[in-house]
Number of protein chains: 2
Amino acid sequence: MEDEVDRLVAAWRRERPDLDVEPLEVLSRVSRLARHLDRARRLAFAEHQLEPWEFDVLTSLRRAGAPYQLSPGQLLTQTLVTSGTMTNRIDRLAKKGLVERLPDPSDRRGVLVRLSPEGRDRADQALAGLLAQERAILGRLSRTERGELADLLRQLTAPFDNIPG
Amino acid sequence: MEDEVDRLVAAWRRERPDLDVEPLEVLSRVSRLARHLDRARRLAFAEHQLEPWEFDVLTSLRRAGAPYQLSPGQLLTQTLVTSGTMTNRIDRLAKKGLVERLPDPSDRRGVLVRLSPEGRDRADQALAGLLAQERAILGRLSRTERGELADLLRQLTAPFDNIPG
DNA sequence: AGAGTATATCTCGATATCAAGAAACTTGAT
DNA sequence: ATCAAGTTTCTTGATATCGAGATATACTCT
């Protein structure tokens, strides 16, 4: 089946036959798919009264394991937002009682963000919902295809994640 | 090589061994990669004094072919933003002289957005820069692998692009 | 023709994000 | 000890986005 990127690439080949636009076949699809996923996730999380950004922060802490705490700096590398954004997110989650800010005992510049029990429950519930939705989106692909896709994508993400980026 | 999603998935398997988190192997990579691409693109476009959103609108018009005009509604489906956002974008591009708003002769509710000659040049230059950067990012993949990746991604994007979504 | 529904674009208020810089603290070298 | 450089987090101001509703025009059916 054709998608919007097929149409986009065909248009470029008509308008700029001098250029090789093949890279768009991969990377424009990644960007557009991410945008669609954002919208779908927003809907899925709404059932749990969570915004996507709240989910990102809460699940980062949840994954850390007991006692469910990380520094704002560690949260930055997981969520790919700037420090100002993270400060703001932590403020709002703290106001809602989903996280708590504690002084870092080993570095007085630092802070630890800890998940509250309610925050933990909300994260766990929303994760189950997200996985159900994602399975539906991936439904057309076989297990083998999903594995291939994951491996190919890893080759693109690894440089960003490992080099300072 | 390992990436951040490998670590993320391993953490979930430790914390929630009851859940099957395999969907994240694909879709978390898509979201994170898109975020990295956004940042990289912002840098590439800065050399041409263009914001990513400006590039998106200008190139949509450029691809339409002479006389380089589309309705705001057509621009919406290409850029995946809301109508309020698009009105705002057109206003700002018009103020910079890169596009022009014309009445649609066949529908008096409608408007046509037309690319100016300068807008066209800027779009063409920025596209060349973007393609160079994307080739570098895709560098590790063979031609065959890029083709496989594009095909697998198309299976995920097609439903969003074809069903009203 | 007229009523009701659908479409196209714009307006407006609320909000999340970013970038840059400030403030507090730590680290390492002399 | 002290100083300079590095880090960690927060503050601030500007800006882009979204969502909901408003307005104007087009279409459809009787």
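The side chain of A:Arg39 contributes no N or O atom lying less than 4.0 Å from OP1 or OP2 of D:dC18. For the pair A:Thr82 and C:dA19, the criterion of a side-chain N or O lying under 4.0 Å from OP1 or OP2 is not met. Phosphate proximity of C:dA23 to A:Arg108: absent, as no side-chain N or O sits under 4.0 Å from OP1 or OP2. For the pair B:Arg89 and D:dT17, the criterion of a side-chain N or O lying under 4.0 Å from OP1 or OP2 is met.
Looking at B:Thr87, B:Asn88, B:Thr82 one by one, the single match for side chain to side chain donor-acceptor pair (under 3.5 Å) with B:Thr85 turns out to be B:Thr82.
Judged by distance alone, the side chains of B:Gln78 and B:Arg63 do bring a donor and an acceptor atom under 3.5 Å apart.
One cannot find a donor-acceptor pair under 3.5 Å joining the base of C:dT9 and the side-chain atoms of B:Arg109.
The CG atom of A:Asp104 sits 12 Å away from the P atom of D:dC10 (whole-angstrom rounding). For the pair B:Asn88 CG and C:dC12 P, the computed distance is 13 Å after rounding to whole Å. In this structure, CG of A:Asp38 is placed 19 Å from P of D:dA16, rounded to the nearest angstrom.
Counting non-hydrogen atoms under 4.0 angstrom, B:Gly73 reaches the backbone sugars and phosphates but no base. Among the atoms of the strands shown, only primed sugar atoms or phosphate atoms (P, OP1, OP2) are found under 4.0 Å from some heavy atom of A:Asp107.
Taking the side chain as every heavy atom from C-beta outward, B:Arg41 and B:Phe55 never approach each other to under 4.5 Å.
Along DNA chain C, the nucleotide closest to B:Met86 and the one closest to A:Arg92 are compared, and the more 5′ of them pairs with B:Met86.
When each of C:dC10, C:dC18, C:dA6 is scored by its nearest atom to the side-chain atoms of B:Ser83, the top-ranked nucleotide is C:dC10.
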